[in-house]
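Computed from a predicted model, the values in this text were never measured in an experiment. Ligands are counted one by one from 1 in listed order, and the atoms in each one are counted from 1 as well.
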Amino acid sequence: MQFILNNEHHSSVDSIYQKLIHEIPTLSKTTVYNTLALFAEKKIINSITIDNTEILYEQSQKPHAHFQCNICKNIIDIDLDSNLYGISEIENHKVEKVNINLRGVCNECLKSKK
Ligand SMILES: [Zn+2]
Ligand SMILES: [Zn+2]
């Protein structure tokens, strides 16, 4: 938990494990995985999937969209005014999670291309 709070956003199970294993040599990846899944279930942290390959975790905070750059692969938090956040029902479907992902070329990569 402390790790999530102290670290950059959007950490994968693997990256968290790799960083923690130095401090806690007895740590197993399963423990990391289960702990993160539990925190996410309790909504203490957010779980996000950007490209369906990997679950990333970040501190729970105000809802935001994610922009992933196709070039540097960075994931950037985007403040998006959307009344989709917080929605609990849409066309009689029950909404449990809202994920808004955008993809393109970030401003840093656009700058360096010129
Ligand atoms: Zn980029
Ligand atoms: Zn984020």
Can you tell me the N, O or S atom of Asp77 that's nearest the Zn ion (ligand 2)? OD1
Please assess Leu56 against Thr49 for the test side chain to side chain contact (heavy atoms under 4.5 Å, CB included), listing each intermediate value before the final yes or no. CA-CA 6 Å; Leu56 301 174; Thr49 34; over 6 Å; no
Output field for angle at the Zn ion (ligand 1), Cys72.SG vs Cys109.SG, rounded to 10°, should show 110°
I'd like to know if Lys43 and Glu41 make a salt bridge, using a cut-off of under 4.0 Å between side-chain N and carboxylate O. no
Given side chain to side chain contact (heavy atoms under 4.5 Å, CB included), test Asp77 with His10 step by step and report yes or no. CA-CA 10 Å; Asp77 286 343; His10 317 130; 2.8 Å; yes
Does the side chain of His66 come under 3.5 Å of the side chain of Asn99 through a donor N or O and an acceptor N or O? no
Under 3.5 Å, is there a donor-acceptor pair linking the side chains of Asp79 and His64? no
To the nearest 10°, how many degrees is the angle His64 NE2 to the Zn ion (ligand 2) to His66 NE2? 90°
So what does the His10 NE2 - the Zn ion (ligand 2) - Glu58 OE1 angle come to, to 10°? 80°
Vertex the Zn ion (ligand 1), arms to Cys69 SG and Cys106 SG, rounded to 10°: 110°
